[in-house]
Amino acid sequence: TCDGTQDSFYAFWIEVDVFSGDRFQYFFTNSTTTSTAGDYHLAIDNNADQVSVVVAGSGDVKSNSLSDPSGYVYVVCQYKKTRDRLLITTCTEGGTAVTTEATGTMFNNTFGSTWNIGRRADGSSARYYGGLVYNMAKGNQLLSDSEIEALASDFLNYDPTDNAVFTPQIYFPMRSE
């Protein structure tokens with residue numbers, strides 16, 4: 001688990017379907033609400049064309065780099081222990097990484113529970129992720145924007161186990177071509 005005792009990240013390739021419809025499409029979450037300590041959500045915010053990290057009581061953080069993107073987007077959510085903050089970085093394939101830091105500190109363990117990929121934990125059909133999720137990785141370190149850009153430089157050959165940038169603790173290769 002990532003419990004606030006060390007730097008950590010969760011990284012995903014996503015393909016956004018549309019920025020319309022329900023306000024949030026969850027692609028990684030551990031809860032059904034955003035009101036209880038430990039609730040954590042990575043979602044597409046359709047109203048603002050942004051990727052959002054919503055953490056109960058810890059200050060939301062939203063990427064400011066998306067505007068109806070096409071193709072693949074690499075999303076990295078990180079916990080920076082020295083500042084006790086969450087960061088979110090987005091980068092299109094071969095693009096420039098943009099990192100945004102949460103305004104509030106993280107005061108609870110958001111990483112110690114069951115996780116759902118592609119939906120909110122209650123299974124609400126209105127909150128399923130409409131796009132595609134690929135190649136999830138989790139690690140205990142921080143990644144710089146340049147490292148994230150290197151990982152995002154070639155989606156079709158993406159394999160963090162072959163990359164000198166990091167060795168993931170967990171890796172789900174969810175793309176086969």
Side-chain angles (χ1 to χ4, degrees), residues 1-17 19 25-29 40-45 48-55 58-106 109-111 115 117-118 129 131-177:
T1 63
C2 296
D3 60 4
T5 63
Q6 58 190 338
D7 293 333
S8 59
F9 72 87
Y10 288 97
F12 297 83
W13 276 104
I14 63 172
E15 188 172 12
V16 180
D17 58 345
F19 278 116
Q25 295 181 36
Y26 294 78
F27 61 92
F28 189 59
T29 182
Y40 178 93
H41 308 279
L42 284 170
I44 293 294
D45 181 344
D49 293 2
Q50 296 172 322
V51 175
S52 296
V53 181
V54 181
V55 180
S58 300
D60 299 353
V61 54
K62 298 180 180 186
S63 166
N64 58 7
S65 67
L66 293 179
S67 179
D68 294 321
S70 60
Y72 307 109
V73 178
Y74 195 44
V75 178
V76 182
C77 178
Q78 303 189 83
Y79 170 69
K80 188 173 187 176
K81 183 179 180 346
T82 58
R83 293 193 37 81
D84 200 20
R85 303 284 171 103
L86 290 168
L87 308 145
I88 188 165
T89 303
T90 54
C91 188
T92 57
E93 185 178 10
T96 301
V98 177
T99 298
T100 308
E101 182 176 302
T103 56
T105 60
M106 189 178 83
N109 176 3
T110 63
F111 300 102
W115 296 97
I117 297 176
Y129 183 60
L132 299 174
V133 181
Y134 305 102
N135 301 338
M136 181 266 187
K138 182 259 186 195
N140 283 335
Q141 68 187 76
L142 293 178
L143 301 176
S144 69
D145 283 358
S146 62
E147 289 171 326
I148 290 169
E149 288 168 2
L151 291 166
S153 64
D154 186 1
F155 173 72
L156 292 177
N157 294 312
Y158 173 79
D159 183 355
T161 62
D162 290 338
N163 198 301
V165 174
F166 69 87
T167 302
Q169 293 176 303
I170 300 169
Y171 174 57
F172 298 116
M174 297 182 284
R175 179 181 169 86
S176 59
E177 277 191 17

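Note that the coordinates shown come from a computational prediction; the quantities given were computed from them, not determined experimentally.
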How close do [X] and [Y] get, heavy atom to heavy atom, and via which atoms?
| X | Y | result |
| --- | --- | --- |
| W13 | C91 | CZ3-O, 4.5 Å |
| Y129 | E15 | OH-O, 3.0 Å |
| V76 | A11 | CG2-CB, 3.9 Å |

Classify the angle between the aromatic ring planes of Y72 and Y134 as parallel (below 30°), tilted (30 to 60°) or perpendicular (above 60°). perpendicular
Report yes if some heavy atom in the side chain of [X] is under 4.5 Å from a heavy atom in the side chain of [Y]; otherwise report no.
| X | Y | answer |
| --- | --- | --- |
| V75 | F28 | no |
| I148 | Q78 | yes |
| F9 | Q141 | yes |
| T89 | L143 | no |

Rounded to the nearest 0.5 Å, what's the gap from [atom1] on [X] to [atom2] on [Y]? Could you check?
| X | Y | atom1 | atom2 | value |
| --- | --- | --- | --- | --- |
| L142 | Q6 | CG | CD | 10.5 Å |
| T96 | D145 | OG1 | CG | 9.5 Å |
| L86 | E101 | CG | CD | 9.0 Å |
| Y10 | K138 | OH | NZ | 5.5 Å |
| N135 | F12 | CG | CZ | 11.0 Å |

Just jot down the side-chain hydrogen bond (donor to acceptor under 3.5 Å, both in side chains) partners of S146, sequence neighbours excluded, or say none. S144
Could you go through L87 and Y79, starting from their C-alpha distance and side-chain angles, then the distance that decides it, and tell me whether this counts as side-chain contact (heavy atoms from CB on, under 4.5 Å)? CA-CA 6 Å; L87 308 145; Y79 170 69; over 6 Å; no
